[in-house]
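What follows is a set of notes on a single structure, which appears directly below.
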Amino acid sequence: MRFLLRRVVFYALTAWAAITINFFIPRMLPGDPVTALLGRMQGRIDSRAENSLRVLFGLDQDTSLWQQYVDYWGLLLRGDLGLSFTHFPTPVADIVSQSLPWTVGLVGVATVIAFVIGSLIGTFLGWRRGTWADGLLPAATFFQAVPYFWLGLITIAVFSVNLGWFPSSGSYDRGMVPAFTGEFIGSVVYYGFLPALTVVLSSVAGWVLGMRNMMVTVSSEDYVTVAHAKGLPERQVMFGYAARNAVLPQVSSFALSLGFVVGGTLIMEMVFSYQGIGYTLFQAVSTHDYPLMQGCFLVITLSVLVANMVADLAYALLDPRTRTEDR
Amino acid sequence: MNNQLMFLRNGKVTAGLVILGFFTLLALLGPWVAPYDPNQVSDALLSPPSAAHWLGTDHTGRDILSQLVVGTRGVLVVGLVAGVSATVVGVLVGVTAGFVGGVGDESLSALSNMFLVIPQLPLIILIAAQLPSAGGLTVALVIGATGWAWGARVLRAQTLSLRKRDFVEAARANGERTWRLVLVEVMPNLTAVIASGFVGTVTFAVLSQVTLSFIGITPVSEWNWGTILFWAQNNLALQRGAWWWFVPAGACIALLGMALTLVNFGIDEIVNPRLRSTGLHARSLRRRGIRPRVGFTPVVREARS
C-alpha cells in the first residue's frame with residue numbers, strides 16, 4: 001500500500017505543478033499574451049484595445065500575483081476555465097469537455113492495440129534473436145523515427161486520396177445525428193480507422209524494441225534455463241517465464257511514454273481534422289485563443305496523470321514486489 | 001583494438017554516422033549547393049520532378065529541393081542546441097541527485113519525474129505560442145528546458161550505482177574533494193549514458209521542432225523541413241496528388257531520426273554487451289555455424305588484425 005500512497009502523493013504534486021505552470025506561463029514569459037497578440041495581428045487590432053484585452057485576460061495589474069493565484073484556484077475548483085475568444089462567450093470547459101471523449105477514445109484504443117501487438121512482436125523477436133527475425137529491427141527503427149503527422153499524411157494520400165477507402169477528415173458522417181445506434185458507432189469506427197491505424201503504426205515500434213531488449217536480457221536468467229531444463233514446452237517457457245517477466249518494465253514505461261503518444265496523437269488529430277482535443281488546441285493556437293489553449297493543456301495533462309495512475313495500479317497488481325515493499 | 005575503434009567498426013554506428021555526416025555537410029553548405037533560392041517564385045507551378053527541378057516545385061513555383069537543402073541547417077541547429085542544453089540540465093540534475101542522496105535526491109527526482117509525466121509537446125506548444133516570436137533558437141531552448149528529464153532519470157540511477165563502488169570509496173578515503181570525485185571518478189563512467197541521452201534528446205528535439213513548424217507556430221519564413229510540410233498541408237498537396245511536395249521532407253526526417261537511433265544502438269551495445277554479440281550480426285553468426293540459443297550469449301571474438 002505504501003507504494004500506491006507514494007504514487008498518489010506524487011501525482012497530486014505533479015497536478016499542482018502543472019496547474020501552477022499553467023498559471024505562471026502567461027505571466028512570466030517575456031512579452032505577455034496581449035503584446036504577443038497585438039504583435040501577431042500586426043495592426044489589425046487597435047492599440048487602444050490593449051487595456052481591455054488586458055482585463056479580458058485577467059492580467060490587469062491591480063491585484064497582487066498571490067491574489068491572482070488564489071482566484072485562479074478558486075475558479076479552477078469550480079470547473080471554470082474562462083471563456084473562449086473565438087467561440088465567445090462559450091466557456092472553455094464546455095468546448096474541452098466536448099472534444100475530450102474523442103481523444104480519449106482514439107488514444108485509448110490505439111495505445112492498447114499498439115501495446116499488445118508491439119509486446120507480442122517484441123517477445124517473438126527477442127526469443128528468436130540472432131535469426132532472420134532481427135531483420136525486422138531496421139523497419140521498427142524507421143517507424144520510430146518517422147514523425148506521427150507525416151505518417152498521417154502518407155496514409156491519407158494512399159488510403160483516402162488514391163484508393164478512396166477511408167475518409168480523409170472528420171470523426172463521423174456529418175449527415176448523422178450522434179446517438180448510441182449501431183449505424184452511428186459504425187460510422188465512428190469507419191472514420192476513426194485511419195487515425196487509429198497511424199497512431200498504432202508509429203507507436204508500435206517503441207514497444208517492439210523495448211520488449212525485444214527486455215526479452216534478450218530476461219532469457220538468460222537462471223529461471224528460464226531451469227524451465228528449459230525441466231523440459232517444459234518452448235511456448236510455455238517463452239510466455240509463462242520469459243515474457244511474463246519482460247513485460248513488467250513495459251508496463252512501467254507505459255506510463256512514461258504515454259505523454260509522448262498523446263503528443264503525437266494531438267498532431268494526428270490536426271492532420272485528420274478529428275474533432276478531439278488536439279484539433280481544438282490547434283484551432284486555439286491558430287486563432288491565438290489563449291484561454292482555450294491553456295484549458296486544453298490543463299485537461300490534457302490531467303488526463304495523462306489519471307492514465308498514469310491507472311498504469312501504476314496495474315503495475316502494482318502485476319508485480320508482487322511493490323506490495324511486499326513496506327514490510 | 002581499443003574500445004573507441006570497436007565503436008566505429010560496428011556497422012550500424014558507421015551507417016548512422018555517415019548519414020549524420022551527410023546532413024551536417026548539407027547544413028554547412030546548404031545555401032551554396034542549393035540549385036535555386038528557396039523563396040524564388042517561378043512559372044513552373046506545382047510541377048512534378050523534372051531535370052530543372054529535381055524534386056518538383058510548390059504552388060508558387062519555388063524549388064522544393066532547394067527548400068529541403070536550405071532547411072537542413074534550421075533542423076540541425078535546433079537539434080544540437082536543444083540537445084546540448086537538455087543534456088547539461090540533465091547531467092546537473094541527475095548526477096547531483098544520484099550523488100548527494102537523501103532529501104536533495106528525493107526532491108530532484110520528484111522534479112524530473114514531474115517533467116517526464118507532463119506531456120511535453122502540449123507544454124512546448126503552450127509556451128511557444130505565447131512568445132512574441134518563436135524563432136528557431138527560442139524553440140530549441142524551450143525544448144531543452146522541457147526535455148531534460150529522461151536523461152536526468154537515467155543518469156541518477158547510474159550515478160547511484162557508481163557512488164558506492166570501491167574506486168569511488170577509495171578516492172573518497174584518500175580525501176579527494178567532492179567536485180573531484182564527481183568530475184574525475186564518476187563522470188567518465190557516465191560517458192556512454194550521457195551520449196545516449198544526448199542522441200535521444202536530439203531526436204526528440206528534431207521531431208518537436210518539425211512538428212511545431214508543421215502546425216505553424218514557428219515563423220513560416222524560416223525554412224526547415226517542417227515548414228515545407230506546413231506549406232504542403234495548407235495548399236492541399238495531398239488532395240492535388242503532389243507527392244513530391246511532402247514525401248521528401250518526411251523521408252529526410254525519418255532518415256535523420258534513423259541515423260540517430262542507429263548511433264544510439266551502438267552506444268547501447270557498449271553499455272549492455274548482451275545486446276552486442278547478437279543484434280544484427282545474425283548473418284555473420286550463421287555463416288560461421290553459430291546458432292544462438294536461448295539462455296546463452298554467444299561471445300564472438302573477431303580475429304584481431
Side-chain angles (χ1 to χ4, degrees), chain A residues 10 13-14 17-18 21 25-26 29-31 33 35-36 39 127 129-132 134-135 137 141-142 144-147 149-150 153-154 156-157 161 168 213 216-217 219-220 224-225 228 255-256 259-260 262-264 266-267 270-271 281-282 285-286 290 293-294 296-297 300-301 304-305 308, chain B residues 110 113-114 116-123 125-127 129-133 150 203-204 207-208 210-211 214-217 229 232-233 238-239 241 243 246-247 249-250 253-258 260-262 265 268 272 274-275 278-282 285-286 290-292 294-298:
Chain A
F10 168 71
L13 220 68
T14 312
I21 289 175
I25 280 177
L29 287 180
T35 329
W127 198 247
R129 79 209 157 114
T131 63
W132 61 269
D134 281 351
L137 285 182
T141 15
F142 176 79
Q144 207 182 20
V146 168
F149 66 86
W150 187 67
L153 292 179
I154 297 292
I156 291 180
V161 176
S168 67
N213 282 356
V216 169
T217 312
S219 61
S220 43
V224 176
T225 315
H228 267 299
L256 296 177
F260 189 73
V262 167
L266 298 180
I267 309 297
M270 301 174 191
V271 173
L281 180 65
F282 174 56
V285 167
S286 49
Y290 297 104
M293 230 185 279
Q294 293 194 300
C296 286
F297 169 73
I300 293 167
T301 309
V304 169
L305 289 187
N308 270 330
Chain B
N113 282 337
M114 272 179 198
L116 271 180
V117 175
I118 294 176
Q120 280 180 36
L121 200 62
L123 182 60
I125 292 177
L126 185 68
I127 298 178
Q130 304 216 355
L131 286 171
S133 75
W150 181 255
T203 316
F204 174 75
L207 282 182
S208 310
V210 168
T211 307
F214 172 68
I215 60 177
I217 283 185
L229 294 170
Q233 165 83 351
L238 288 175
Q239 285 74 6
W243 55 269
F246 58 86
V247 171
I253 301 165
L255 208 60
L256 181 62
M258 258 179 97
L260 290 165
T261 315
L262 286 178
F265 270 173
D268 274 351
N272 184 357
R274 235 171 229 165
L275 297 174
T278 54
L280 294 178
H281 284 174
L285 286 184
R286 200 164 46 240
I290 300 171
R291 191 176 163 273
V294 170
F296 300 95
T297 304

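Values below: every heavy atom of this structure, side chains too, minus hydrogens, waters and symmetry copies. Below, chains carry the letters A, B, ... as their sequence lines are ordered, and counting in each starts from 1. No experiment lies behind these values; they were computed from the predicted model shown.
- Contacts between L255(B) and chain A at a heavy-atom distance below 4.5 Å are absent for every atom of the residue.
- Looking at every heavy atom in both residues, V117(B) comes nearest to V304(A) through O-CG1, 3.6 Å.
- Residue contact with chain B, scored on non-hydrogen atoms closer than 4.5 Å, involves the backbone and the side chain of L13(A) alike.
- Ranked by non-hydrogen atom pairs under 4.5 Å with chain A, the options L256(B), I253(B), T211(B) are led by T211(B).
- Per-residue heavy-atom pair counts under 4.5 Å with chain B were compared for F282(A), F149(A), F297(A), and the maximum is reached by F149(A).
- Remark: L281(A) CG to I215(B) CD1 distance equals 7.0 Å, nearest 0.5 Å.
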Show your reasoning for whether side-chain contact (heavy atoms from CB on, under 4.5 Å) applies to I21(A) and L123(B). CA-CA 9 Å; I21(A) 289 175; L123(B) 182 60; 4.0 Å; yes
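- Scored by the side chain to side chain contact (heavy atoms under 4.5 Å, CB included) test, I154(A) finds W150(A), V158(A), F246(B), V247(B) as partners (sequence neighbours excluded).
- Heavy atoms closer than 4.5 Å to chain A are found in the side chain of W150(B), but not in its backbone.
- Using a 4.5 Å cut-off on side-chain heavy atoms (C-beta onward), L121(B) and L266(A) make no contact.
- Of the atoms belonging to L229(B), it is side-chain heavy atoms, and not backbone ones, that fall under 4.5 Å from chain A.
- Proximity to chain A (any heavy atom under 4.5 Å) is shown, for T203(B), by neither the backbone nor the side chain.
- Taking CD1 from I127(B) and CE from M293(A), the interatomic distance works out to 12.0 Å, rounded to the nearest 0.5 Å.
- Comparing A254(B), P122(B), G250(B) by how many heavy-atom pairs each has under 4.5 Å with chain A, the most go to G250(B).
- In terms of the side chain to side chain contact (heavy atoms under 4.5 Å, CB included) criterion, residue partners of Q233(B) (sequence neighbours excluded) are, by chain and number, L153(A), F214(B), L238(B).
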